[in-house]
2 protein chains.
Amino acid sequence: MTADQVITVHGDAELIARAGHLFAGTQREFVCAARDLDTWSQPEARQAIGRRMRGADTSGITVDKLVSPVALADEAARSHLREVAARGARVRISSAPLPHETIIIDRRVMILAGRGAPGMREFTVTTSPVLVDGVYSLFRAAWETATDLAAYLRGDVPHLDAGSRAVLRALGAGYTDESAARQLGLSLRTYRRRVAELMATLEADSRFQAGVRAGELGLTG
Amino acid sequence: MTADQVITVHGDAELIARAGHLFAGTQREFVCAARDLDTWSQPEARQAIGRRMRGADTSGITVDKLVSPVALADEAARSHLREVAARGARVRISSAPLPHETIIIDRRVMILAGRGAPGMREFTVTTSPVLVDGVYSLFRAAWETATDLAAYLRGDVPHLDAGSRAVLRALGAGYTDESAARQLGLSLRTYRRRVAELMATLEADSRFQAGVRAGELGLTG
DNA sequence: GGGGCGATGGCAGCTTGTTGCCATCGCGTT
DNA sequence: AACGCGATGGCAACAAGCTGCCATCGCCCC
């Protein structure tokens, strides 16, 4: 039995001081799962990382960012994600709650953030291959089934009102239009109108396609 | 800056000796993500855990098991999963490669397995809240989007022949039956027969539902 | 009150999908 | 050749879904 070291640091400043070189030293891959964008919204932290990255060659590096829908709540966050995506990062949205922040660099170093006020969070840094590999696999599993940012914005999931969701549920349950309309207390005409609107929103040409899209966007579970 | 301890043990025997009490001490929740079932296929390990669990009250404990499709490859593994499910565990299948083994008990303790020959693997045990919470969230994210075992077996995805897949593609592309049939070089009647068969296979009552199912089973990407 | 407006729902006509029935065809067996 | 059998495709009748048109209703604003 042996004891690996896992370093814990408190606050952005200490993280930058102790682990900043890890960010700058990224060789191939930078993956990140986060519930929100609090960390990088902190101007000091972002600038500090920015300075570190300045001289680095970022061309061969893939950046994968997995965030929850919360990260799209306000416009500032949206524009930040768009900017990141424009610089070549792949961004996906996971409907499940994500960690406060999980970063894996080159599949060698892992940094996890705990709860706490922005700027004063607790961070855990580790290089244990078993830990990093394990978490990396879980990240990939979550990543694979998440929705691409572009598709997510296209579908504009959150803008579905309660009515549309009800229609979606009825469709997913396999009812005919007639019984679905009855159950929702709508006329057949209106129900079908709703379906047509929904299909327009999902940019689907057929109900089958609408079903696939709905599934993709996580509107059925 | 502080240093947390992460214990590393080698081999099933040492894991049982050092961490066996953790399994037996499960109070509420036992979650587990694994690529295959090697660990628990080892008779000694399973028996040892079994002995530990014997007297424990398992009624209030939820067990979630997330595995890759590989775990369904041979009949022994299948029957083990069925047995586990019968005892109340929730089992889901993730299409992405999973860690060799990740276990989180009561959201307090985490055990990760590394590579290595069955029986002689390296395990990492940690209780760091930041690490455990972070990994737990990732697990949930992967879990949410995974397929339920029952649905997975019901759908029997791999047994779709090339024809059915072509039909699926046509449906997913949003073509009408007429143009789809033309493109596939089938008569309208035969194409529709295929669609009907497909829907029967997917146990779908409507094309919309078939679309959702197809998406769930990953037949569209 | 009156007018505008969006949401609703009835109706009708049309398109699309669903299914049973049967003729046909290819193919391997007897 | 004769037969059986499964796959195919045409046909038809029916069910389901789609949509334009218009009447109506509730609501807000003037």
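To find a chain, count down the sequence lines: A is the first, B the second, and so on, and within it residues start at 1.
- Evaluation of the salt bridge (charged side-chain N to carboxylate O under 4.0 Å, His left out) rule for A:Arg193 yields no partner, not counting sequence neighbours.
- Place A:Glu178 and B:Arg194 on DNA chain D by their nearest nucleotides, and B:Arg194 ends up nearer the 5' end.
- Counting to the nearest Å, the C1' atom of D:dA15 and the CE atom of B:Met199 are 13 Å from each other.
- Taking a cutoff of 4.0 Å between a charged side-chain nitrogen and a carboxylate oxygen, A:Asp12 and A:Arg121 do not qualify as a salt bridge.
- Looking at A:Asp64 and A:Arg140, a side-chain N of the basic residue comes within less than 4.0 Å of a carboxylate O on the acidic one, giving a salt bridge.
- In this structure, the CZ atom of B:Phe208 is 17 Å from the C1' atom of D:dC18, given to the nearest Å.
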task = Could you please spell out the steps behind the salt bridge (charged side-chain N to carboxylate O under 4.0 Å, His left out) verdict for B:Arg207 and B:Asp177?
result = CA-CA 12 Å; B:Arg207 288 196 178 199; B:Asp177 289 9; 2.8 Å; yes
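- A tilted orientation is assigned to the rings of B:Tyr136 and B:Phe139, their planes being inclined by 30° to 60°.
- Taking only side-chain nitrogens and oxygens, A:Arg192 never comes nearer than 4.0 Å to OP1 or OP2 of D:dA16.
- Summarising the geometry, the separation between CG on A:Leu188 and C1' on C:dT8 is reported as 13 Å, rounded to the nearest angstrom.
- For A:Arg207 and C:dT15, the CZ to P distance is 18 Å, given to the nearest whole Å.
- The nearest heavy atom of DNA chain C to B:Ser206 and to B:Arg193 marks one nucleotide each, and the one closer to the 5' end goes with B:Ser206.
- Side-chain proximity of B:Ser187 to the nucleotides D:dC21, C:dT16, D:dG10 is greatest for D:dG10.
- Among C:dT18, C:dC21, C:dG10, the nucleotide with an atom closest to any side-chain atom of B:Arg189 is C:dC21.
- The separation between A:Asp205 atom CG and C:dT16 atom P is 12 Å, rounded to whole Å.
- One atom, OH of A:Tyr191, and another, C1' of D:dC18, lie 13 Å apart when rounded to the nearest Å.
- Within the structure, a side-chain polar atom (N or O) of B:Thr190 is placed less than 4.0 Å from OP1 or OP2 of D:dG9.
- Between the CG atom of B:Leu186 and the P atom of D:dG10 there is a distance of 11 Å, given to the nearest Å.
- When rounded to the nearest whole Å, the span between CD of A:Glu197 and P of D:dT19 equals 12 Å.
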